[in-house]
Amino acid sequence: MRKEDIKSVAEKFDLPGRFEACEEITAGNINTTYKVVFKEESGKENSYVLQRINTVAFKDPVGLMNNVRLVTSYIEQELLSQGVKDTKRRVLHFIPSMYGDILYEENGNYWRVAHFIDNAIAYDLITDPRQLYEAGRGFGEFQRLLSEFPAEKLTETIPNFHNTKKRFEAFEESVKEDPVGRVGSVREEIEFLMERKEKMGRIVELIEDGTIPLRVTHNDTKLNNVMLDKDTGKAVCVIDLDTVMPGTVLYDYGDAIRYGANTAAEDEEDVSLVGLDMNLFRLFTDGFVSETASVLTDPEIQYLPFGAYVMTAELVLRFLKDYIDGDVYFRVKRPGHNLIRTRAQKKLLESIETHYDEMCGYVQNLIAKKD
Ligand code: GN1
Ligand code: MG
């Protein structure tokens with residue numbers, strides 16, 4: 001988008017001072033995001049995050065922002081009641097537009113603005129293993145703070161988001177339709193998923209039979225969705241609240257392991273670099289459980305590694321489906337990007353399978369320590 005257009009949208013929000021600068025933030029695969037800077041008369045510069053909500057993925061932006069409003073104010077109250085005095089950097093704060101709402105619509109596009117969290121980083125790849133412990137603590141704290149939140153108040157922003165049974169059905173449909181003629185080139189990847197179909201549907205069954213409870217979860221716990229303080233390295237704030245809705249702890253924990261405990265990037269082309277780093281797995285697990293031990297049940301902890309398994313398999317499936325569909329959902333940054341992602345996640349899943357017993361042994365020990 002042109003700078004003039006970004007400026008024009010940003011100026012619809014109640015931000016002090018004059019528009020000074022903007023730059024695109026390209027980390028996300030769904031929404032379009034800009035950092036914008038406004039300068040007050042005193043010369044003070046303030047930064048904000050301006051986002052256009054992707055309405056292909058999120059069909060109900062009004063319901064979505066209602067969720068975000070409810071969840072952020074709830075977390076803020078929880079933090080205050082726990083004695084946190086300054087919540088400015090600990091939870092996202094959205095700014096109303098000139099029309100009074102935190103969601104602003106223009107020509108069918110939906111926009112929102114949040115304060116930029118200063119002096120904090122969202123890592124795509126870690127630079128120090130301790131960051132995984134902190135990421136675990138950050139997402140764990142998020143889960144704990146929302147553990148009493150009344151789930152029925154939330155809209156399901158993407159229905160059946162992690163329902164791997166439904167996702168598998170949709171995947172099989174795409175394979176059958178082969179809309180852009182790519183199926184022939186990905187037979188091996190399709191076969192790989194077919195062999196794991198039954199296992200991938202197991203979390204849905206664990207919810208249905210009552211083994212695993214539904215909770216309010218984040219559902220998109222990539223490492224770059226938790227901000228760490230630049231100086232202390234401590235987890236500051238969980239961001240990207242678009243998919244906060246009822247889910248299971250296995251999704252949040254599992255997706256975070258999938259992304260954060262990988263030895264390489266989610267879309268690494270050289271799959272020989274991809275694998276599960278057991279040290280990172282242990283660090284994240286320790287951080288996560290340190291915050292959540294008091295709220296999680298033993299079966300939830302016991303099944304955490306299974307969450308990592310299913311979430312990784314889910315992403316193999318989602319990336320492959322999008323490749324087959326002709327790249328209609330995830331933003332692609334190069335040709336074949338969704339296939340590259342598929343192959344990297346497939347390699348990661350194979351590595352998780354290799355380490356699976358060890359992962360289960362580790363969490364079993366945590367349960368024993370807890371009791
Ligand atoms: C998308 O928004 P972003 O880039 O953090 C996707 C996640 C996937 C992820 C894979 C709403 O997340 O579910 O795990 O890409 N978000 C949505 O990188 O589909
Ligand atoms: Mg997201």
Side-chain angles (χ1 to χ4, degrees), residues 1-40 44-69 72 92-118 120-125 157-158 220 222-227 237-244 265-267 318-319 322-323 325-338 340-341:
M1 235 171 99
R2 287 176 16 219
K3 188 175 166 188
E4 277 313 296
D5 297 326
I6 299 167
K7 173 174 183 278
S8 155
V9 174
E11 285 173 347
K12 300 294 184 327
F13 287 83
D14 196 7
L15 307 175
R18 299 168 71 89
F19 177 91
E20 184 71 14
C22 65
E23 64 181 279
E24 186 167 3
I25 301 175
T26 56
N29 291 328
I30 307 293
N31 295 322
T32 308
T33 310
Y34 302 96
K35 176 179 178 181
V36 295
V37 182
F38 274 63
K39 195 172 185 172
E40 294 184 38
K44 184 170 182 277
E45 291 191 352
N46 302 305
S47 301
Y48 305 91
V49 177
L50 169 71
Q51 261 188 329
R52 185 176 66 209
I53 299 173
N54 176 331
T55 46
V56 174
F58 298 107
K59 303 214 161 36
D60 176 12
V62 174
L64 183 154
M65 283 313 281
N66 194 43
N67 281 1
V68 168
R69 183 186 297 111
T72 51
L92 288 179
H93 285 85
F94 288 85
I95 296 147
S97 78
M98 295 179 338
Y99 308 97
D101 194 9
I102 57 172
L103 182 65
Y104 167 66
E105 189 261 345
E106 187 178 275
N107 304 325
N109 291 317
Y110 289 85
W111 297 89
R112 63 184 172 197
V113 169
H115 281 282
F116 188 86
I117 298 180
D118 289 316
I121 310 186
Y123 290 95
D124 288 322
L125 282 174
T157 48
I158 302 183
D220 186 9
K222 288 159 68 159
L223 180 67
N224 57 17
N225 277 338
V226 58
M227 312 259 330
C237 181
V238 168
I239 60 173
D240 188 359
L241 307 177
D242 299 337
T243 50
V244 175
E266 180 185 58
D267 57 355
R318 290 177 64 193
F319 288 141
D322 202 34
Y323 182 71
D325 289 345
D327 309 316
V328 292
Y329 186 85
F330 294 108
R331 196 206 317 257
V332 285
K333 294 172 185 157
R334 46 201 148 128
H337 201 173
N338 273 317
I340 293 166
R341 288 167 170 147

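Excluded from the calculations below are hydrogen atoms, water molecules and symmetry mates; all remaining heavy atoms, backbone and side chain alike, are included.
- Under the salt bridge (Lys or Arg N to Asp or Glu O under 4.0 Å) criterion, K12 pairs with E106, not counting sequence neighbours.
- Listed by chain and residue number, E4, D5 satisfy the side-chain contact (heavy atoms from CB on, under 4.5 Å) test with R2 (two or more places apart in sequence, or in another chain).
- For D327 and H337, the side-chain atoms include no donor-acceptor pair closer than 3.5 Å.
- Residue pairs meeting the salt bridge (Lys or Arg N to Asp or Glu O under 4.0 Å) criterion with at least one member in residues 94-105, sequence neighbours excluded: R69-D101.
- Shown here are the side-chain contact (heavy atoms from CB on, under 4.5 Å) partners of N109, two or more places apart in sequence or in another chain: R52, W111.
- Under the salt bridge (Lys or Arg N to Asp or Glu O under 4.0 Å) criterion, R341 pairs with no residue at all, not counting sequence neighbours.
- A search for side chain to side chain donor-acceptor pair (under 3.5 Å) contacts involving D322 returns N338, not counting sequence neighbours.
- Taking the salt bridge (Lys or Arg N to Asp or Glu O under 4.0 Å) definition, one finds that E24 meets it with nothing, sequence neighbours left out.
- Qualifying side chain to side chain donor-acceptor pair (under 3.5 Å) partners for E266, counting only residues two or more places apart in sequence or in other chains: R258.
- Partners of Y123 under the side chain to side chain donor-acceptor pair (under 3.5 Å) rule, at least two apart in sequence or in another chain, are Q131.
- Contacts of F330 classified as ring pair (Phe, Tyr, Trp, His ring centres under 6.0 Å), with partners at least two apart in sequence or in another chain: F319.
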List the steps, then state whether side-chain contact (heavy atoms from CB on, under 4.5 Å) holds for T72 with L92.
-> CA-CA 6 Å; T72 51; L92 288 179; 4.3 Å; yes
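- Ring geometry for Y104 versus F13: interplanar angle over 60°, hence perpendicular rather than tilted (30 to 60°).
- Heavy-atom neighbours of R331 CZ from other residues, nucleotides or ligands within 6.0 Å: above the threshold of 12.
- Every residue two or more places apart in sequence or in another chain was checked for a salt bridge (Lys or Arg N to Asp or Glu O under 4.0 Å) with E40, and none qualifies.
- In this view, K333 satisfies the side chain to side chain donor-acceptor pair (under 3.5 Å) rule with no residue, not counting sequence neighbours.
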